[in-house]
Amino acid sequence: MTEISRLRPEIQALQPSLVEWRRRFHQLPELGFCEQLTALFVSQKLTEWGIEHQTEIAKTGIVATIPGSQPGRVLAIRADMDALPIIEENEVPYRSVHPGVMHACAHDGHTAILLGVAYYLWQHRNFAGTVKLIFQPAEEGLGGAKAMIDAGVLKDVEAIIGLHLWNNLPLGTVGVRSGALMAASESFDCKILGKGGHGGLPHQTVDAVIVVTHVINVLQTIVARNVDPLEPSVVTIGQLHSGTKRNVIADTAELSGTVRYFNPELKDFFPERIEQVIAGVCQLHGASYEFNYQRISPPVINDAKMAELVRSVALSVMKIPHGVVPNCQTMAGEDMALYLQKVPGCFLFLGSANPEKGLGYPHHHPRFDFDETALGMGVEIFVRCVEIFCA
Ligand code: NI
């Protein structure tokens with residue numbers, strides 16, 4: 001949209017193709033590590049244009065390499081390709097035809113943007129060095145980034161950038177900041193082992209329901225009383241299962257939760273403190289427990305220099321006043337974090353909500369959809385980053 005952003009004519013001209021590709025990906029969504037049709041389409045386009053690329057990295061991943069006009073620095077740009085197990089409720093011509101699978105997090109848009117970047121950079125070769133385009137599978141908690149990194153996609157890469165189309169920001173804005181952008185995402189499961197019995201004879205039992213309710217209450221004091229109030233963090237218990245009948249004292253109780261925080265120094269604190277609480281409460285009641293803690297992704301931490309580069313580019317692309325917003329942190333997680341642990345880089349949010357067009361539902365909602373006008377903006381931002389980083 002020319003009124004709210006500055007796109008060069010060649011990228012404006014790409015917009016209809018970006019929309020076409022995005023809708024194709026949207027209509028044929030695939031879950032993590034099963035992105036065969038998506039990867040095939042990407043590979044066919046790259047082949048058609050004559051761009052060298054490797055397929056089947058970490059099952060369905062692709063890395064395309066575009067050399068500039070002369071040697072120089074190596075910049076990677078990453079997009080994720082997977083969809084979610086959600087039944088789409090949008091009544092649109094490009095609605096998902098794969099039952100129970102939906103692009104409800106805009107990864108279809110990310111893939112289309114990266115294809116657009118490939119096309120533009122290959123046509124123009126207006127940079128020095130090399131650009132590596134990483135089409136990553138399985139971002140949604142399935143380990144796609146780790147698999148790609150283990151396969152060696154960051155070899156020789158000096159810096160990396162990536163974006164998320166973001167319905168928490170309006171179309172025409174970019175969210176970027178130095179330091180923590182998104183939270184660490186971790187989860188835990190706990191099973192309380194009590195001693196079941198007759199509902200009328202509690203003195204013969206260790207009531208797992210009583211133990212687990214105490215556990216939950218004390219777990220809620222961790223953020224409230226053990227973490228520095230200036231360090232944002234969350235402990236959420238999302239699942240609780242116990243009991244079989246109203247007159248039977250439960251033998252066991254199971255609870256599961258998620259933990260979020262920005263400061264990497266809190267990494268060991270949460271699993272230790274959570275287990276301490278569980279162990280202490282169990283001991284008090286004479287119960288025992290099983291405990292399992294999983295790390296899904298660390299916090300997304302942007303490098304100061306790369307964030308400044310992206311911020312200046314975003315300021316030059318976005319036209320509306322205050323189009324670049326620094327207060328854009330979120331407690332959602334992203335496996336882009338793993339690349340950023342290895343090489344300096346920057347992840348940004350590209351505003352894609354447009355409530356006037358009914359495009360404002362949150363990510364992972366069955367009616368999620370975004371304003372496709374943002375696609376061209378994404379290409380313009382990435383291309384300008386390449387032109388500056390690989391000058
Ligand atoms: Ni996502």
Side-chain angles (χ1 to χ4, degrees), residues 78-80 82-84 86 103-110 113 136 139-142 144-145 160-187 223 227-238 257-267 270 294-304 306-307 310-311 314 318 322-341 345-355 359-365 367-371 374 377-378 381:
R78 170 272 202 180
D80 43 11
D82 57 324
L84 287 154
I86 292 174
H103 269 295
C105 198
H107 300 185
D108 48 349
H110 305 163
I113 288 171
Q136 179 207 303
E139 189 282 324
E140 299 287 357
L142 297 168
I160 188 163
I161 50 177
L163 67 73
H164 210 302
L165 289 160
W166 206 233
N167 268 13
N168 299 302
L169 289 174
L171 181 72
T173 63
V174 165
V176 61
R177 73 192 302 281
S178 172
L181 181 77
M182 301 178 77
S185 174
E186 308 184 339
S187 61
V223 172
V227 180
D228 182 339
L230 299 177
E231 293 289 355
S233 54
V234 177
V235 173
T236 289
I237 314 296
T258 185
V259 173
R260 307 294 167 107
Y261 57 88
F262 290 129
N263 186 347
E265 287 174 16
L266 292 169
K267 183 172 181 244
F270 281 103
Q294 304 100 31
R295 299 195 191 272
I296 299 162
S297 53
V300 172
I301 310 277
N302 284 338
D303 173 73
M306 291 302 293
V310 169
R311 203 183 74 88
M318 295 301 149
H322 313 296
V324 179
V325 290
N327 53 338
C328 52
Q329 280 178 307
T330 168
M331 283 287 172
E334 240 287 345
D335 72 6
M336 179 73 185
L338 294 166
Y339 300 96
L340 296 171
Q341 278 188 329
C346 182
F347 196 57
L348 66 115
F349 293 130
L350 179 55
S352 56
N354 194 342
L359 304 168
Y361 281 93
H363 292 254
H364 298 200
H365 188 282
R367 289 194 187 278
F368 174 83
D369 202 354
F370 63 87
D371 194 319
M377 299 178 192
I381 288 170

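These numbers come from a predicted model, not from an experiment.
Contact record, Ala307 with Val176: O-CG2, 4.1 Å, taken as the closest heavy-atom pair. Closest of all the heavy-atom pairs between Tyr261 and Pro299 is O-CB, 4.1 Å. A pairwise comparison of heavy atoms in Ile86 and Ala104 identifies CD1-CB, 3.9 Å as the closest pair. For Pro298 against Leu338, the heavy-atom pair with the smallest separation is CD-CD2, 3.6 Å. Annotation for Phe262 and Leu181: closest pair CE2-O, 4.0 Å, computed over non-hydrogen atoms. Of all heavy-atom pairs between Asn167 and Tyr361, the closest is ND2-O, 2.9 Å.
Residues Thr173 and Met318 fail the side-chain proximity criterion, which asks for heavy atoms closer than 4.5 Å. Inter-residue side-chain proximity for Phe370 and Asp108 is flagged as met; some heavy-atom pair is nearer than 4.5 Å. Side-chain atoms of Phe349 and Met182, non-hydrogen and from C-beta on, do get closer than 4.5 Å to each other. Residues Glu140 and His364 form a side-chain contact, since some pair of their non-hydrogen atoms from C-beta on lies under 4.5 Å apart. Leu340 is not listed as a side-chain neighbour of Asp303, based on a closest heavy-atom distance of 4.5 Å or more. Taking the side chain as every heavy atom from C-beta outward, Gln136 and His110 never approach each other to under 4.5 Å. Under the 4.5 Å side-chain criterion, counting only non-hydrogen atoms from C-beta, His164 is in contact with Cys105. Put simply, the side chain of Ser352 does not reach to within 4.5 Å of the side chain of Leu359, judged on heavy atoms.
Counting only distance, with no hydrogens or angles, the side chain of Arg295 and the backbone of Lys267 share a donor-acceptor pair below 3.5 Å.
The only option from Ile161, Leu163, Val174, Ile113 that meets the side chain to side chain contact (heavy atoms under 4.5 Å, CB included) definition with Ile381 turns out to be Val174.
The aromatic rings of Trp166 and His363 sit tilted, their planes meeting at an angle between 30° and 60°.
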